[in-house]
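Because the structure is a prediction, the values reported are computed rather than measured. Heavy atoms only: backbone and side chains are in, while hydrogens, waters and symmetry mates are out. So you know, we letter chains A, B, ... as the sequences are listed, proteins then strands, and number each from 1.
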Amino acid sequence: MSFQKKEFQQLIQWYQAHHQNYPWRLTKDPYAVWISEIMLQQTRIETVLPKYERFMKELPSIHDLATVSEDHLMHFWEGLGYYSRARNLQKAALQIEDRHHGIFPHQLEEIQALTGIGDYTAGAIASFSFGVGVPAIDGNVLRVYSRHEGLYQNVLDPSVKSLVKQQMLPLYTKEKHSDNGDFNQAIMELGEQICLPKNPDCQNCPIQKGCFSFLHHKQGELPIRISKTKKKKEEHSFLIFYTKEAILVHKRPVNGLLANLYEPVNLDFFIDIEDFLQQHQIPVLSYQTLSSHKHIFSHRIWQIQAYAIEVKELFPFPEYQWIEKKKSQHLAFSSAFDPYRSYFYQ
DNA sequence: AACACGGGGCG
DNA sequence: CGCCCAGTGTT
């Protein structure tokens, strides 16, 4: 399956007949396109609409943006979130005045060199405003493209996004042409109106005939999005209490993380060791703060601060038991405790 | 490569 | 209420 020039034209025709007339689509003015594209990053159209109208009324030109006070700028951005976007806008407006005599640059490389404009936004402005033949790949495009092509690769992987960009490039006309911009608008609009994340409206899709997912009923399988399981960080304190002969351990519950494994005192927060020893009236002989470690699970990270505490006698500690050091060598511990095993039976 | 940035929608 | 969304800059 591959995207053809025919589909390029079909999508443009569909777009011209069906697209929404958002205010930023009534002009090719790069300033207007720029402001709208920055606002639309991670922000819904309905949220952007009123904010865009006010922003353009208050700051209708690059020079107005370059010279507005920080307070006013932030006020005009209120409610949009990601406030560094507004600060980057002003920074870029000043760059346009410095580098380009206040005229929005026409070249892709110059556009992307402006602060706050990355790969997607540069492609959007260059194609919408100047007809440059370059993709503008956002989440919509990746969904439409991967479904149409049957691309069974993780679209969240930057290298896959780069691959899609390379594969799309030949579709565009080399010369500047409004079709290039219209196609980019069209593929995104298709993602918003037809090729929805759930229940795509394939019956009304202008490019269903060449679509892998439509033909093979695989709309539910694509796009593939394997998010880097963002591991939750947890603070843990290991307290290795020991005498010459014994250490204090307990057996973890039969269910859950590291079920049935043994461990020294393991608290799910960081402690102040001095306070802890005093408050629990531990019969301390001496103690040592050990080097901290990270233990990485599939779904979480323990940030571990460990202490080795030699005590005078076998004091009671709820849920924990004293065992002979030589016996501890035959118990199963998680590898989270490996860096500290030597203290178990030294 | 991992993380921060913010508001809103969704289950 | 916690989870998810998804470009860009920073480290």
Side-chain angles (χ1 to χ4, degrees), chain A residues 24 33-52 54-55 65 70 73-96 105 108-128 134-147 151 153-165 168 184-185 187-193 195-200 220 222-235 294-303:
Chain A
W24 47 85
V33 172
W34 174 36
I35 300 302
S36 69
E37 286 303 330
I38 299 296
M39 284 189 177
L40 288 163
Q41 289 170 4
Q42 294 85 39
T43 312
R44 322 182 75 79
I45 290 169
E46 308 79 63
T47 307
V48 167
L49 275 168
K51 314 284 182 185
Y52 172 82
R54 182 176 69 164
F55 195 99
L65 173 57
E70 163 109 4
L73 178 65
M74 286 308 160
H75 178 55
F76 301 146
W77 203 262
E78 259 178 17
L80 284 169
Y82 284 102
Y83 292 86
S84 63
R85 289 186 295 173
R87 285 186 285 272
N88 288 339
L89 273 180
Q90 186 169 48
K91 201 170 165 186
L94 290 163
Q95 290 166 346
I96 293 170
L108 184 68
E109 296 75 19
E110 293 172 333
I111 295 171
Q112 192 161 348
L114 299 169
T115 299
I117 298 182
D119 209 39
Y120 163 76
T121 308
I125 299 172
S127 63
F128 299 171
V134 63
I137 301 175
D138 71 350
N140 284 317
V141 175
L142 289 170
R143 183 172 62 257
V144 172
Y145 187 88
S146 65
R147 279 182 176 159
L151 180 70
Q153 295 191 57
N154 180 16
V155 298
L156 296 185
D157 184 332
S159 68
V160 172
K161 190 175 159 185
S162 175
L163 172 78
V164 170
K165 187 174 177 179
M168 286 178 68
N184 284 339
Q185 301 258 31
I187 191 166
M188 285 189 271
E189 188 78 358
L190 191 77
E192 285 168 28
Q193 288 190 32
C195 198
L196 302 165
K198 281 181 268 185
N199 304 319
L222 295 168
I224 293 179
R225 304 166 44 87
I226 303 168
S227 58
K228 295 239 186 298
T229 48
K230 30 198 161 185
K231 297 168 183 174
K232 234 171 102 176
K233 286 188 175 171
E234 297 178 356
E235 301 179 338
K294 280 188 178 154
H295 185 73
I296 300 170
F297 296 88
S298 61
H299 56 311
R300 69 182 77 184
I301 298 174
W302 280 0
Q303 304 184 104

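In this structure, CD1 of A/Ile117 is placed 11 Å from C1' of C/dT8, rounded to the nearest angstrom. In this structure, A/Lys91 atom NZ and C/dG9 atom P are separated by 9 Å, rounded to whole Å. For the pair A/Asn140 CG and C/dC5 P, the computed distance is 13 Å after rounding to whole Å. Computed from coordinates, the A/Leu89 CG to C/dT8 C1' distance equals 12 Å when rounded to whole Å. Note: CZ (A/Arg87) to C1' (C/dT8) measures 14 Å, nearest angstrom. Spacing between atom OH of A/Tyr82 and atom C1' of B/dG7 amounts to 9 Å, rounded to whole angstrom units. Nucleotide B/dG8 holds its C1' atom 15 Å from the CG atom of A/Leu49, rounded to whole Å.
When the options A/Leu40, A/Val48, A/Thr47 are evaluated for a side chain to side chain contact (heavy atoms under 4.5 Å, CB included) with A/Arg44, the one that passes is A/Thr47. Checked options A/Asn184, A/Ile187, A/Leu190; the residue passing with A/Val141 is A/Ile187 (criterion: side chain to side chain contact (heavy atoms under 4.5 Å, CB included)).
Regarding contacts with the backbone of B/dG6, every side-chain N or O of A/Arg85 stays at 4.0 angstrom or more from both OP1 and OP2. Contact between the side-chain N/O atoms of A/Thr43 and the OP1/OP2 oxygens of B/dG8 is not found at any separation under 4.0 Å. Side-chain N/O atoms of A/Gln41 include one lying less than 4.0 angstrom from OP1 or OP2 on C/dT8.
In this structure, A/Leu151 and A/Leu222 have side chains that are not in contact, with every pair of non-hydrogen atoms separated by 4.5 Å or more.
Listed candidates were C/dG7, B/dG6, B/dG8. Nearest to the side chain of A/Asp138 is C/dG7. Distance from the side chain of A/Arg44 is smallest to B/dG9 among B/dG9, C/dG9, C/dA6. Of the candidates B/dG6, B/dG8, B/dG11, the closest approach to any side-chain atom of A/Lys198 belongs to B/dG11.
Using a 4.0 Å cut-off between charged nitrogen and carboxylate oxygen, A/Lys165 and A/Asp119 count as a salt-bridge pair.
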